[in-house]
Amino acid sequence: MSDLSDTEELLLLTSSLCRHLQRRAQVGTRVARDNRSEGKAATVKSAGSIASSSAESFSQGGPSFGARNLEELRAAIGDCRRCKLCSGRTHLVFGVGNPRANLMFVGEGPGRDEDLQGEPFVGRAGQLLTDIITKGIGLKREDVYIANVVKCRPPDNRNPEPDEVGACEPFLKKQIELISPEIIVALGKFAVQTLLQTKMPITKLRGNWHTYQGIKLMPTFHPAYLLRNPADKKLVWEDIKKVIKEMRREDS
C-alpha cells in the first residue's frame, strides 16, 4: 500500500465514519449527491447535526416542547428537514380538524393526493374515512381531528421506515397532548404499532380497547386496506360501533 499523507488519511477516516453513521443513525437525513454529476453540488448532513436538531426541538426549552397550541407546534416544525422524506414532498401534511376534538383519527402517512393538497385523507381512502365519520358516527369531518404518524409522503406510497417514524413521532405525540381527545382511532398497522409501541399484528389488536397515555385507543384497519379488501368493511364497522358506544357513555 502506498504511503498516504496526513490529509489523505484524515479524508479516508472521515469518509469511513460518514458511511458508518449512515448505516447506524436512527434519525435524520444524510443525503450525499455525487458532486461529479452535472449541475449537482455535493450535500452532506451529518447524523449528529440532525439528531441535535431533533433533540433541541423537544428539549425543555425547545419550541416544539413548549408549543401551547397546534399553531405554535406547526410553526416549530417549520420547513422540516429532520428525515429524508422532505426531499420528495410537495407539502408537509400536519393535520386537520377541531383542535379540541373528543375523537381523533391517526393514520400512517400522506399519499399522492394528500401531498398535493397538504391535508390528510383527501383521496379515495380519505373519502371512505369521511363516510365513516359522517354516515357511520354521525359527526362532521370538522368535528374530529385527523393526523398521520409521518407528515411527508413516502416515495411511491411505500411503508414509512423506522428513522422516518422516529423523526415524526414526537410531533404526533405533541399533537395528541395538545388536542387531548377522549378517544383515538388508530388506522392501520403503523399508526397502531407506533402509538402502542408493539409489533403485534393489527389483526390481533383491532376491535379491542387499548390505552395510550390514559386515552382510550381503538385499532382498526386503514381505509386504504378496505379499498383493496372491501369484505373487511364489516369488521371496521364492528370496531366503529364500539367507538360510538363509548362516546355515548362518555357523554352520559
Side-chain angles (χ1 to χ4, degrees), residues 22 25-31 45 47 50-51 53-55 57-58 62-65 67 70 73-97 104-126 128-129 144-179 181 184-199 201-202 205 212-213 217 219-225 227:
Q22 287 174 331
Q26 295 299 311
V27 179
T29 307
R30 294 151 302 278
V31 181
K45 287 186 178 180
I50 297 300
S53 171
S54 210
S57 185
F58 272 88
S64 298
F65 180 89
L70 294 175
L73 178 60
R74 178 63 187 90
I77 294 175
D79 184 26
C80 187
R81 291 289 185 269
R82 293 170 180 85
C83 82
K84 57 185 175 294
L85 291 181
C86 66
S87 62
R89 72 166 180 244
T90 304
H91 291 104
L92 186 149
V93 183
F94 179 71
V96 67
M104 181 174 182
F105 291 85
V106 176
E108 174 182 313
R112 178 179 179 275
D113 294 316
E114 291 77 14
D115 177 61
L116 292 174
Q117 298 185 42
E119 182 175 328
F121 286 93
V122 293
R124 291 178 62 219
L128 183 51
L129 177 60
V144 306
Y145 196 89
I146 305 171
N148 283 308
V149 173
V150 296
K151 311 302 185 190
C152 300
R153 180 195 182 196
D156 300 318
N157 291 342
R158 65 160 169 74
N159 293 332
E161 296 178 353
D163 62 312
E164 297 159 358
V165 173
C168 254
E169 184 180 358
F171 299 120
L172 173 63
K173 289 183 175 181
K174 189 65 177 180
Q175 280 179 300
I176 296 172
E177 176 190 329
L178 291 169
I179 296 165
I184 296 172
V185 177
L187 303 167
K189 168 185 173 181
F190 283 92
V192 173
Q193 292 185 347
T194 297
L195 291 174
L196 296 182
Q197 293 294 292
T198 181
K199 294 298 184 183
I202 189 170
L205 293 168
Y212 169 82
Q213 299 292 316
L217 186 148
T220 195
F221 292 124
H222 195 284
Y225 168 84
L227 293 176

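All of these numbers come straight from a predicted model, not from anything done at the bench. All residue numbers in this chain count up from 1 along the given sequence.
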Any idea which heavy atoms bring [X] and [Y] closest together, and the distance?
{"X": "Pro120", "Y": "Asn148", "result": "CB-ND2, 3.7 Å"}
{"X": "Pro154", "Y": "Pro110", "result": "CD-O, 3.8 Å"}
{"X": "Lys84", "Y": "Asp163", "result": "NZ-OD2, 2.7 Å"}
{"X": "Leu195", "Y": "Ala186", "result": "CD1-CB, 4.3 Å"}
{"X": "Cys152", "Y": "Leu85", "result": "O-CD1, 3.5 Å"}
{"X": "Glu164", "Y": "Cys83", "result": "CG-SG, 4.0 Å"}

Salt bridge (Lys or Arg N to Asp or Glu O under 4.0 Å) pairs, two or more places apart, involving residues 86-97: Asp79-Arg89
Of all pairs that satisfy salt bridge (Lys or Arg N to Asp or Glu O under 4.0 Å), the ones with a partner from residues 144-155, not counting sequence neighbours: none
Any side-chain hydrogen bond (donor to acceptor under 3.5 Å, both in side chains) involving residues 185-196? Give me the pairs, sequence neighbours left out, ordered by first then second residue.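 Those involving residues 185-196 do not exist here.
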In a check of side chain to side chain contact (heavy atoms under 4.5 Å, CB included) between Ile176 and each of Ile179, Leu178, Leu172, which one passes? Leu172
Check ring pair (Phe, Tyr, Trp, His ring centres under 6.0 Å) between Tyr212 and all other residues, then give those that pass, not counting sequence neighbours. none
Output yes when a side-chain donor or acceptor of His222 lies under 3.5 Å from a complementary backbone atom of Leu187, and no otherwise.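 Pair absent, no side-chain N/O of His222 close to backbone of Leu187.
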For Val122, is there any backbone N or O sitting under 3.5 Å from a side-chain donor or acceptor partner on Glu114? yes
Looking at residues at least two apart in the chain, or sitting in another chain, which of them share a side chain to side chain donor-acceptor pair (under 3.5 Å) with Asp115?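 Checked Asp115 against side chain to side chain donor-acceptor pair (under 3.5 Å); matches are Thr90.
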Of all residues at least two apart in sequence or in a different chain, which pass the side chain to side chain contact (heavy atoms under 4.5 Å, CB included) check with Phe94? Leu70, Leu73, Arg74, Ile77, Leu92, Tyr145, Gln175
[atom1]/[X] to [atom2]/[Y] distance, rounded to the nearest 0.5 angstrom?
{"X": "Tyr225", "Y": "Leu128", "atom1": "OH", "atom2": "CG", "answer": "13.0 Å"}
{"X": "Asp113", "Y": "Arg124", "atom1": "CG", "atom2": "CZ", "answer": "10.0 Å"}
{"X": "Leu205", "Y": "Lys199", "atom1": "CG", "atom2": "NZ", "answer": "12.5 Å"}
{"X": "Glu169", "Y": "Lys174", "atom1": "CD", "atom2": "NZ", "answer": "14.5 Å"}

